[in-house]
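All remarks here apply to the structure that follows.
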Amino acid sequence: MGEAPALCVEDLKERFSNGFGLRSKGFETSTDLGDKTFVIGCNNNDSTSSLEVHIYDKSRGKWVIPTVLGIKPKPYEGHSAVLLNEDRIMIIIRGSTPDDCIWFLEVDTEYVKQQKKASDAEVVAWSKGVRGDAEKPVVISGPSGVGKGTLINMLMKEFPSMFGFSVSHTTRAPRGTEKNGVHYHFTERSIMEKDIKDGKFLEFASVHGNLYGTSIEAVEAVADSGKRCILDIDVQGAKSVRACSLDAVFVFISPPSMSELEERLRLRGTETEEQIQKRLRNAKAEIEQGKSSGIFDHILCNDNLEKCYENLKKLLGLDGSVPVNPKPSPNGIDLPWNHSVSKIDNKIVIKPETPESGNASKNLMVLDVSLLKGGAPSRTRGLNVYTIDSISDCLNGIHKPS
Ligand code: ADP
Ligand code: 5GP
């Protein structure tokens with residue numbers, strides 16, 4: 001990919017003055033970082049629009065439209081922008097829902113640096129901020145027919161409130177009883193390729209001649225429901241997830257022998273002879289990689305199914321009495337509609353502003369961003385939210401009991 005096309009300043013000015021917001025009701029912000037100014041805003045704020053990003057490169061005197069990865073936030077009724085850690089801009093959106101009001105635009109994080117290097121273009125990436133942590137997802141890989149699906153079904157059946165399955169996208173045709181949206185999102189290649197280009201996928205790979213991939217939403221929908229996410233993906237996919245910001249447990253399931261694997265594939269009876277041969281050919285390389293690449297934290301041999309299942313439960317800490325599913329902490333943040341934002345160290349202080357409250361407002365909200373985890377292309381987790389009575393409480397580290 002070449003350099004992003006440059007716009008002349010006049011073009012941009014016209015674009016912005018047509019509603020992007022230089023005049024603005026708060027629909028546009030600009031944030032300086034080194035030689036660059038990141039301008040975030042929208043042309044209009046109807047329900048279909050999203051926040052757009054333009055960069056002014058001061059050293060070259062040029063406007064650049066970057067490649068924007070991740071799902072973009074909706075603009076609602078204006079936003080504030082605060083630079084954090086010199087690598088991301090926190091966006092606080094006014095008038096949105098509690099679970100949609102904090103976003104992060106990554107402009108120089110490790111993930112963004114990698115993407116810039118890979119595409120040789122200017123890149124930024126969105127990620128939605130949520131409170132609290134999610135349990136580490138579990139990535140399960142292994143050759144086709146080894147028993148991954150069987151083991152995952154057993155886990156989901158025994159602990160239905162604890163685990164949720166990440167429903168992948170694939171371009172392969174559904175098998176007999178497979179349902180769209182349950183086993184896979186069956187999709188057309190051109191649509192999936194466009195979504196991959198738009199940064200909606202955590203990982204993707206060409207497996208046995210078809211495209212398979214995990215969308216960011218598939219994983220986050222499970223985490224947002226308070227469940228632990230299970231991903232059934234191939235070794236290439238596991239490698240990509242290892243390289244991104246998602247902190248997961250990686251488990252490789254190996255067969256007792258190639259002949260046993262072949263027998264299982266045949267007994268399952270879901271593939272043609274040609275497809276079985278292809279899957280067996282690929283299995284050899286997968287097993288080699290799975291066992292030697294260092295990607296996996298655990299390798300389990302699925303010889304005896306019950307034994308393998310017990311070992312899987314053990315490594316997930318489920319071998320004792322049935323654990324109580326911890327109550328998920330709320331993801332959302334109830335922001336006052338009218339507010340001002342300030343930054344004190346790693347704390348963002350949001351002050352409600354009403355005509356009556358003036359400067360005497362109590363109940364300032366603090367977003368502590370010192371323990372952020374994850375990030376683009378997934379969610380940014382670990383936002384700590386509490387209230388204080390005054391700015392001096394923030395300086396003194398005092399906060400009200402929640
Ligand atoms: P994968 O999801 O890895 O492609 P499946 O879970 O569909 O594999 O399992 C393939 C076939 O092997 C299924 O018919 C399943 O019932 C069978 N199977 C799974 N584990 C075992 C095992 N330990 N011993 C014998 N058959 C097994
Ligand atoms: P199947 O066609 O048998 O359902 O799956 C074939 C292979 O694709 C399996 O090894 C499975 O783990 C892998 N797979 C399924 N979903 C994904 C995905 O989202 N990403 C990747 N990389 N592999 C996947």
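All ligand and atom numbering here is 1-based and tracks the order in the structure. Each residue takes its place number in the sequence, starting with 1.
Contact residues for ligand 2 (protein heavy atom closer than 4.0 angstrom to any ligand atom): Gly142, Lys148, Ser168, Arg172, Arg175, Tyr184, Glu203, Ala205, Val207, His208, Tyr212, Gly213, Thr214, Asp232, Ile233, Asp234, Gly237, Arg279.
Interface atoms of ligand 1 facing Gly149, defined by a heavy-atom separation under 4.0 Å, are 1 (P), 2 (O), 6 (O). Taking a cut-off of under 4.0 Å to the non-hydrogen atoms of Arg268, the atoms of ligand 1 that pass are 1 (P), 4 (O), 5 (P), 7 (O), 8 (O), 10 (C), 14 (O).
The single protein non-hydrogen atom nearest to atom 8 (O) of ligand 1 is Gly147 N, 3.1 Å, given as residue, atom name and distance. Protein heavy atom nearest atom 26 (N) of ligand 1, with residue, atom name and distance: Arg264 NE, 3.6 Å. Among all protein heavy atoms, the one lying closest to atom 10 (C) of ligand 1 is Gly145 O, 3.5 Å.
There is a side-chain donor-acceptor pair under 3.5 Å between Trp337 and Glu77. Residues Glu273 and Gln277 bring a donor and an acceptor atom of their side chains to less than 3.5 Å of each other. For the residue pair Thr170/Ser168, the side-chain donor-acceptor check at 3.5 Å is not satisfied. With no hydrogens or angles considered, no side-chain donor-acceptor pair links His185 and Asn180 at under 3.5 Å.
For Pro143, the heavy-atom gap to ligand 1 drops under 4.0 angstrom.
Residues Lys347 and Asp368 approach most closely at CE-OD2, 4.1 Å, considering heavy atoms.
In this structure, Val241 and Phe250 have side chains that are in contact, with non-hydrogen atoms separated by less than 4.5 Å. At least one side-chain heavy atom of Ser144 sits under 4.5 Å from a side-chain heavy atom of His208. At a threshold of 4.5 Å between non-hydrogen side-chain atoms, the residues Lys116 and Thr67 do not count as touching.
Nearest to atom 19 (C) of ligand 1 by heavy-atom distance, out of Asp303, Leu267, Ile140, Thr150, is Thr150.
Aromatic pair Phe38/Tyr56: ring centres not closer than 6.0 Å. Residues His183 and Phe165 place their aromatic rings such that the two centres sit no closer than 6.0 Å.
When only interatomic distances are considered, the shortest N/O to N/O separation between Asn302 and ligand 1 falls below 3.5 Å.
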